[in-house]
Colleague: 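Below is the structure I would like to discuss, written out as structure tokens.
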Amino acid sequence: MGKAELPLHAPGTKTDRGYIGQSVPRPNAARLLQGRGAFVDDLRFPRLSHVVFFRSPYAHARIKQLEFKKARIAKGVIGVFSGREISEFCTPWVAVLGHLKGIKSPPQYAVAIDRACWQGEAVAAVVAETRAQAEDAAALIEADWEELPAVTDMEASLQGTEVIHKELGDNICFARRHDTGGVDEAFAQADAVVEETYGFGRHTGVCLEGRSILADYNAAEHSLTVYHSTQAPHMMQDIFSRHLGIPEASVRVIAKDVGGSYGIKVHVYPDEMATAALSVMLRRPVKFVADRLESFLTDIHAREHKVRIRIAVKKSGEILAFDLDDLTAIGPYSVYPRTSGIEGNQVVNLTGGPYKHQKYRGKLNVVFTNKNVTCQYRAVGHPIAVALTEGIVDKAAAALKMDPAEFRRRNLIPDDAYPYTFPSGVKFEQLSHHKCLDLLLEKMNYRKMREEQIQLRKKNIYRGIGLAAMIEVTNPSPAFYGVGGARISAQDGATLRLEPTGMVTVLCSVTEQGQGTEAVLAQIAASAVGVSLEKIRVITGDTGVTPYGGGTWASRGAGIGGEAVLQAGRALLSNILEIASRILSVEKETLALESDFIVNKLTRERKMPLEELGRVAYFRPDTLPMNFQSELTVTRHYTPREYGFTFTNGIQASYVEVDTDTGFVKLLKHWCVEDSGTVINPMLVDEQLRGGVAQGIGAALFEECLYSPEGQMLNGNMADYLVPMAGEMPDIVCAHIETPTRQSQLGAKGVGEAGTAGAPGAVMNAINDALSPFQASVTTMPFTPERILKALGKCP
Amino acid sequence: MEHAVDITLTVNGTTVSRRVEARQHLVDFLRDELGLTGSHVGCEHGVCGACTVRVEGAIVRGCLMLAVQANGCRVETVEGLSDTRELARLQKAFHERNALQCGFCTPGMLLAAQDLILSSTKPSREEIRQHISGNYCRCTGYQAIVDAIEEVTRG
Amino acid sequence: MKAPAFAYAKPASLGEALELLARPGAKALAGGQSLIPSLNMRLSSPELLVDIGGLKELQGISLKKDLLSIGALTTHAQLEESSDVKTHVPLLAQAVPHVAHAAIRNRGTIGGSLALADPAAEYPAVAVALQAVLTLKSRSGERKIEAPGFFKGLFETDLKPGELLTAVEFPLAKPSDKHAFLELTRRHGDYAIVGLAACNDRFVFLGAGSTPTLFSFKGDLQSARTKLKESLHPNPDLYHSAAAKLHLAGVLLERAWNTLSTSR
């Protein structure tokens, strides 16, 4: 076992890991601190025009007639376009993948033709010289609608009295059944069976920077450059190319600064495709920035589930089986290209994850509704799977009158049981549940907290402690999307180039949305090559410049992109030392590169500054041996192969106080112990965990996209949709265990989503722990004061 | 009655004159007319704080003020306050503690934080949280921001 | 979302302002903290915005013999900083920090808040609790009206077309007066779910009806809580049923009563 192939340099020395493991501040944060970043809406172009979309006010309606006459002659208007006109420049898509057996969805167009299927779906586009003028003109469009019945209730959708897409026969996008067998027998043998139905409110990402795209078509070249706030530029390059009919390498997608994404901006949005099509049609740059109101209506939503779960346990505390029935409501289309079946699929894959039971049955139904579309949002199915598992585990522990930490200890997969195949079929390389539990309980001073809780209850102060153990999918292989036919790359590449002055430019296909990708890549590059961090410059997010790759999502940036950088860095170092050996006329093996100097490996005597080597290699190759060619630009790629997903593990705890008069929950503190393999920058990892936890807290207490039965979104603005603000968030204690993956030299797993995965379950368990003296519990998120008051019987 | 109005104001120490539509809000004016894209637009209903700028020394929501209302006023944005180095200590603390990730909330957050620092001696963490409770950050979970502000107020 | 086009005028005098406000489609712009968001969201489209921000007549806080006169253009921040408000109208001083956040308080005005009459706003409830007197001016003259009569319905006041709220007068607090201001919000600075401005036996709820709802506290706490259930008819909001709001109002009633009973 042990660490993956670090050390990088002389083992046991101060420099053996280079910058890996250091909390260095992010070099690319400096411009953001001065407001000198480059977000899409900051960019200026000649003849830049703006598009505004005329959107359906109905959840489901036939477009009988659209009249553009008045809109067309409004001030500043360049054109007004219907879905049919745009479809001549942009082909439709169907979001299904081969490995989700039976998944179905109808074709979706960039701008709807004939029928709108959710409130907010675009049915016409107005392009004008300014956004304000385009909005003025959109207000002059006359539309004649025939309202159709809207399907908004998930159970009604499943029943199928009203079918949204008649040609599909029913409203089931995707269904899945997983059964290990022996489940009923396990339940029959149980000493206790606990059952609960949990509800999860639909919610959304609320990125502070709205979705933004600026498409610039060059008619002379039949080429398209797209400045796009996206996580996956190469994926978008492929999609723009295929759907707009432009040769792939004539499409360049550039993601500069992205103002938050969390998965929201990794999907294909019809209005963004329309924007690109309009640039082609109008032969000039067209920009679209989703404003806040349309963001709420059209940014993907996620996590609307109703799940019945049962657990079978012996009185020893041993879990025998889980049985799960998950019903989830998506929008009227599966979202392209990743499909809207993945979230539910993950719930089936991951429920029960940390535990060593053998029997499992999971049933899933993913149904269409006439609400906004849904798709992958940070942590995807994990928040649901973890809350279900940890919620029912706490209930089982209570039924057996066992301490929740002890119950978990008896059931967590032992730390030496790996590799391990889980009852849902997923495989774990190496996890550390017990080490993490130990560290958590120590950090919290769990015993003391339990004692304090008892004392405070006597004073009518009701505090609760909630635990949530979890597993987390990171660094996915092609098993996630590629095998299903998606042109989504699971491999990534890094090019490292030594500049003449001894600086190193890193071009890498994973991307940055603020998590610190570029800092992490810089640390790895500097460490692998042997230069100081200030010498590194990183470029990501440009399909014209970087190697081909997948971008950042599913917590893959550090583990996959980082590994490509590490390998390229080592190869570059080797090439540098080749040149150095020629210049110095010594054996290559006697040399090393340390802090920008070629040194003697043993004596550490400095032989030559790197900039001198650069000067010779680039400007004086005539002084090098005749048949020798310097190669100071090196590219390496990396694909995780051995495991479908590189699982990580962690455990969180939430400490709350419930005001039983008002139902208000005060978050006192939160802990997160995480094992994400090799930690490259502890500060950035902690901050990913904290940001993720805050998002999970949002889901648990505050956030829900509320819809009327007619499919109208009721709270689609920042005043009514409640996102967590600073006043209500707790301090979050983070700690790490490092179990590197052996699939790479770097050993880094992913960590970007772990906070979000575990926080809702931990908070739910804490609230229910606080309410336990009242035999009250809550099961439907978000846990509003009203839901808590109802559980307490204080209001009907 | 005019739909467009001539205004003259001082922005980051420089006097500018423009003819603006009455309906254009201040942050759009700063971004589109003056190219000062450091202040961001996040909601246009005054809730998220991304557009926070300083007018006559007081922080305001740039989306809730019309450019015409700033006629004759002294306006300061994150770019100006960076160049005068008024924000330097905060920016250093933010940088070292990673109190920003995507950076979109950062200019507004810095303006709000500086407002607290100018008006208070040693605010508690609770007071810091309350003062920035009108600035939405989705990335950080706020703790690093509170830590950074606390460090500057103690230093 | 960009506001629809409108004309703009900035009168130099109150007289000029009143002339302009008499025009159809004219709306007063003071702090703009409620008007501008509604314009940005295209929820309203006035023909003409009359910027009254420069009118000296509407500014200033002046202490009179037995009242404190506050100009309608006084910002929340100015109220917060005023020692006269702290000393003489402590209930108002207690309410101010609950208004949104600092950046909003620097621009929003007391006149704007009272004239908008949002059922969840703080000042209307305070004005009713203290029986403040509002001064309304128009081209035809001036009138005064007591706060309870000013708030008529949901976002509806007694302001007639062409009228402008110019000042609000609060009686000075007596040493024997007892005050409490309480508000329940999910997040700091949010609109209240339900709130309570209490002065002696005048308990005025905000967020529990279309207008500030006066409840006269008589008898003991038990009987008051029972009577409250009969007299308060809150509207549900997005997250709370009427029953939940009623329950929360009862909790605030008790908490205010505790504060008032123990304060000196």
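Note that the structure is a prediction, hence the values are computed from the model and not measured. Letters A, B, ... mirror the listed sequences (proteins, then strands); counts begin at 1.
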Colleague: In terms of heavy-atom proximity below 4.5 Å to chain C, should Glu728(A) be classed as side chain, backbone, both, or neither?
Modeller: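 The side chain, not the backbone.
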Colleague: Search all heavy atoms of Ala243(C) against all heavy atoms of Cys795(A) and return the closest pair with its distance.
Modeller: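 Closest pair (atom of Ala243(C), atom of Cys795(A), distance): O-CB, 4.3 Å.
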Colleague: Which one, Arg42(C), Arg187(C), Met41(C), leads in non-hydrogen pairs under 4.5 Å with chain A?
Modeller: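 The answer is Arg187(C).
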Colleague: Any non-hydrogen side-chain atom of Pro785(A) less than 4.5 Å from a side-chain atom of Arg186(C)?
Modeller: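 Contact flag for Pro785(A)/Arg186(C) side chains = yes.
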Colleague: Is Thr185(C) close to chain A through its backbone or its side chain, or both, or neither, when contacts mean heavy atoms under 4.5 Å?
Modeller: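 The answer is the backbone of Thr185(C).
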Colleague: Which region of Ala726(A), side chain (C-beta onward) or backbone (N, CA, C, O), has a non-hydrogen atom less than 4.5 Å from a non-hydrogen atom of chain C, or is it both or neither?
Modeller: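 For Ala726(A), no heavy atom lies under 4.5 Å from chain C.
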Colleague: Under 4.5 Å heavy-atom distance to chain C, tell me which part of Met729(A) shows up: side chain, backbone, both or neither.
Modeller: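 For Met729(A), no heavy atom lies under 4.5 Å from chain C.
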Colleague: Checking Leu789(A) against chain C: side chain, backbone, both or neither under 4.5 Å from a heavy atom?
Modeller: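 The side chain, not the backbone.
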Colleague: Under the 3.5 angstrom rule, does the side chain of His247(C) hit a backbone N or O of Thr662(A) as a donor-acceptor pair?
Modeller: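 No; zero donor-acceptor contacts below 3.5 Å.
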Colleague: Side chain, backbone, both or neither: which part of Ile193(C) has a non-hydrogen atom closer than 4.5 Å to chain A?
Modeller: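 For Ile193(C), the contact with chain A is made by the side chain alone.
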Colleague: Output, in order, the C-alpha distance, side-chain angles, deciding distance and verdict of side-chain contact (heavy atoms from CB on, under 4.5 Å) for Asp291(A) and Lys2(C).
Modeller: CA-CA 9 Å; Asp291(A) 69 33; Lys2(C) 306 303 173 189; over 6 Å; no
Colleague: Among Thr784(A), Asp661(A), Leu714(A), which residue forms the greatest number of heavy-atom pairs with chain C at distances under 4.5 Å?
Modeller: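 Option with the greatest count: Asp661(A).
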Colleague: Closest approach of Glu786(A) and His240(C), non-hydrogen atoms and distance?
Modeller: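 Heavy atoms of Glu786(A) and His240(C) come nearest at OE1-CA, 3.1 Å.
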Colleague: Mind ranking Val665(A), Thr130(A), Leu293(A), Val52(A) by heavy-atom pairs under 4.5 Å with chain C and telling me who comes out on top?
Modeller: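 If we count pairs closer than 4.5 Å to chain C, Leu293(A) comes out on top.
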Colleague: Would you mind checking which part of Asp190(C) comes under 4.5 Å of any heavy atom in chain A, side chain (CB onward), backbone (N, CA, C, O), both or neither?
Modeller: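 Side chain only.
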Colleague: With a 6.0 Å cut-off (strictly less than), is the heavy-atom count around NZ of Lys227(C), excluding the residue itself, greater than 12?
Modeller: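 Count over threshold, so yes.
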Colleague: Between Tyr239(C) and Tyr721(A), what is the shortest heavy-atom contact and its length?
Modeller: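 For Tyr239(C) and Tyr721(A), the tightest heavy-atom pair comes out as OH-CA, 4.0 Å.
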Colleague: Give, as side chain, backbone, both or neither, the part of Leu248(C) having an atom under 4.5 angstrom from any heavy atom of chain A.
Modeller: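 Contact with chain A: side chain only.
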Colleague: When you compare the side chain of Met725(A) with that of His188(C), does any pair of heavy atoms fall below 4.5 Å?
Modeller: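 Heavy-atom side-chain distance check fails, nothing below 4.5 Å.
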Colleague: Tell me, for Leu722(A) versus chain C, whether the close heavy atoms (under 4.5 Å) come from the side chain, the backbone, both or neither.
Modeller: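 Both backbone and side chain.
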Colleague: Report yes or no: does Arg292(A) contribute a side-chain atom to a donor-acceptor pair with the main-chain N or O of Met1(C) at less than 3.5 Å?
Modeller: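 No: the side chain of Arg292(A) does not pair with the backbone of Met1(C).
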Colleague: Just give me the residue among Asn717(A), Val289(A), Asp659(A) that pairs up with chain C most often, heavy atom to heavy atom, under 4.5 Å.
Modeller: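 Heavy-atom pairs under 4.5 Å are most numerous for Asp659(A).
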Colleague: Is Glu230(C) atom CD crowded by more than 12 heavy atoms from other residues, nucleotides or ligands, each under 6.0 Å away?
Modeller: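 Check passes, neighbour count above 12.
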Colleague: Treating Tyr191(C) as the side-chain partner and Asp720(A) as the backbone partner, does any N or O pair qualify as donor plus acceptor under 3.5 Å?
Modeller: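 Looks like no, no N/O pair under 3.5 Å.
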Colleague: Would you mind telling me which of Ala5(C), Ser241(C), Gly250(C) has the largest number of heavy-atom pairs within less than 4.5 Å of chain A?
Modeller: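 Sorted descending by pairs with chain A, the first entry is Ser241(C).
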